[in-house]
Amino acid sequence: MAFTICTWNINSVRLRADLVAALLREEKPDVLCLQETKSPVDKIPFPIFEQLGWKYAQARGEKGYNGVAILSRIPLEPVEHVDWVGKGDARHVAARLPGGEVVHNLYVPAGGDEPDVATNPKFDHKLKFVDQMAAHFEGQDGEAVLVGDLNIAPGEDDVWSHKQLLKVVSHTPIEVEKFEAARARGGWEDVVRKHLPEGKLYSWWSYRARDWDAADKGRRLDHVWATPGLAARSQSARILREARGWEKPSDHAPVFVTFGE
DNA sequence: ATGGTAGTCGCACTA
């Protein structure tokens with residue numbers, strides 16, 4: 001079964017339910033994976049999305065922080081999530097599509113400001129999280145897609161300035177090394193770069209820039225990975241940069257990948 | 001070198 005999947009860090013699904021609805025109406029991704037929903041599951045406005053045809057959902061949430069949700073117009077079966085680093089937080093939700101493909105929707109910790117595990121427990125948490133991702137998916141069987149805000153921009157062309165970001169959390173060498181190890185050990189392929197191999201590519205621009213569009217100091221923090229069989233079916237990828245310019249936007253843009261039969 | 005913005009469990013924490 002062919003499908004288009006989209007991943008989007010929405011930064012509050014309740015505040016931006018109208019933006020989610022606009023994306024569903026205008027872009028019609030079969031499966032929409034949201035991060036930073038910042039809402040208990042029972043307060044997510046699912047009826048708005050159901051009315052538009054996205055009547056299947058799997059979500060995990062907490063009050064105020066984190067939170068991940070999968071909205072779908074094709075049926076979903078629940079799949080057990082992982083309690084990464086034993087924190088009991090809502091950073092992973094998973095579901096199975098009718099074709100048997102498993103969708104993993106992840107929100108990797110941002111990691112704080114200082115890239116030093118000795119002084120910054122958030123950075124330690126982030127590195128442990130990515131290490132556990134590597135171990136967890138190693139030797140997996142079946143087809144799967146892993147999407148989400150992975151909070152790491154691995155390549156030189158995934159940031160506005162490789163040199164100026166080498167000591168900035170999200171692009172430090174230790175993060176990039178662990179990120180690539182997690183991807184390789186899980187047998188994942190980066191199906192966004194597969195289809196958009198050349199040039200700068202960003203999915204996030206800080207709220208703090210005076211003019212995010214003109215300054216264009218972005219980073220590619222949001223990713224779509226697929227297992228080899230599914231990656232072979234991938235047909236195209238796209239980042240909806242214009243969504244960053246919508247009224248009261250998320251600081252992340254939606255990332256899409258289309259898979260064929 | 002600093003500070004800039006945004007969201008929520010808001011007068012503090014996260015991103």
Side-chain angles (χ1 to χ4, degrees), chain A residues 7-23 33-45 48 59-69 84-93 105-117 119-130 133 147-154 158-161 163-172 175 179 202-223 239 241-255:
Chain A
T7 179
W8 194 15
N9 178 318
I10 192 63
N11 188 18
S12 175
V13 69
R14 282 184 277 174
L15 191 68
R16 298 196 168 83
D18 57 333
L19 297 192
V20 174
L23 186 88
C33 294
L34 301 171
Q35 304 86 34
E36 280 207 89
T37 48
K38 293 187 173 177
S39 173
V41 172
D42 63 6
K43 292 188 175 171
I44 296 175
I48 296 174
R60 298 190 52 248
E62 44 191 294
K63 199 158 48 167
Y65 296 111
N66 307 321
V68 281
W84 305 93
V85 201
K87 297 279 188 183
D89 53 12
R91 294 183 179 274
H92 180 210
V93 65
N105 178 13
L106 280 162
Y107 175 48
V108 172
D113 287 334
E114 188 64 37
D116 180 352
V117 296
T119 57
N120 175 10
K122 290 185 219 167
F123 194 65
D124 186 57
H125 177 209
K126 181 179 197 173
L127 296 188
K128 287 191 165 92
F129 193 108
V130 177
M133 283 171 61
V147 310
D149 178 2
L150 304 186
N151 264 317
I152 295 172
D158 295 332
V159 291
W160 65 275
S161 169
K163 199 174 170 185
Q164 291 182 75
L165 289 173
L166 276 170
K167 293 181 178 176
V168 174
V169 172
S170 72
H171 191 63
T172 63
E175 289 172 273
F179 181 95
Y202 313 138
S203 65
W204 172 88
W205 296 261
S206 171
Y207 282 126
R208 298 176 192 180
R210 287 188 189 86
D211 184 341
W212 71 273
D213 195 22
D216 201 20
K217 292 184 174 180
R219 306 178 203 170
R220 188 169 73 102
L221 304 179
D222 302 275
H223 298 272
I239 298 181
R241 180 185 173 112
E242 67 184 58
R244 181 60 179 81
W246 289 353
E247 195 171 342
K248 292 274 283 174
S250 167
D251 46 354
H252 293 253
V255 181

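A quick note: this is a predicted structure, and the numbers were derived from the prediction, not measured. Labels below follow one simple rule: chain letters A, B, ... track the order of the sequence lines, proteins then strands, and each chain is numbered from 1.
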For residues A:R220 and A:S203, is any side-chain donor paired with an opposing acceptor at under 3.5 Å?
-> no
Report yes if the side chains of A:K126 and A:I152 come closer than 4.5 Å at any heavy-atom pair, otherwise no.
-> yes
Taking O4'-C1'-N9-C4 for purines and O4'-C1'-N1-C2 for pyrimidines, is B:dC11 syn (within 90° of 0) or anti?
-> syn
Here the distance between atom C1' of B:dG3 and atom CG of A:D211, to the nearest Å, is 17 Å
Could you state the CG-P distance from A:D89 to B:dC9, rounded to the nearest angstrom?
-> 17 Å
Look for any protein N or O under 3.5 Å of an N or O in nucleotides 12-15 of chain B and output each such pair with its distance, or none.
residue	atom	partner	partner atom	Å
B:dT14	OP2	A:K122	NZ	3.2
B:dA15	N6	A:R208	NH2	2.6
B:dA15	N1	A:R208	NH2	2.8

Taking the P atom of each, how far is B:dG7 from B:dG3, in whole Å?
-> 22 Å
Would you say the ring centroid of A:F179 lies under 6.0 angstrom from that of A:H223?
-> yes
Indicate yes or no: does A:D216 engage A:R241 in a salt bridge with an N to O separation below 4.0 Å.
-> yes
In whole angstroms, how far is the P atom of B:dG7 from the CZ atom of A:R14?
-> 13 Å
When the P atoms of B:dA1 and B:dA6 are considered, how many whole Å apart are they?
-> 27 Å
Modelled atom types, side-chain donor and acceptor of A:T7 and A:Q35, under 3.5 Å = yes
Same-atom distance (C1') from B:dG10 to B:dT5, integer angstrom = 15 Å
Take the angle between the ring planes of A:W246 and A:W8 and call it parallel below 30°, perpendicular above 60°, tilted in between.
-> perpendicular
Could you tell me whether the phosphate oxygens of B:dG7, OP1 or OP2, come under 4.0 Å of any side-chain nitrogen or oxygen in A:R16?
-> yes
Using a cut-off of 6.0 Å, state whether more than 12 heavy atoms not belonging to A:D113 lie near its atom CG.
-> no
How close or far is atom C1' of B:dA6 from atom CH2 of A:W205, stated in whole angstroms?
-> 17 Å
Taking atom P in both B:dT14 and B:dC9, compute the distance separating them and give it to the nearest angstrom.
-> 15 Å
Distance in angstrom units between A:K63 NZ and B:dG10 C1', rounded = 13 Å
A:E62 CD to B:dG7 C1', in whole Å, measures 14 Å
Once you round it to whole Å, what is the distance between P of B:dG3 and NZ of A:K217?
-> 16 Å
A:I10 CD1 - B:dT8 C1' separation (whole Å) = 16 Å
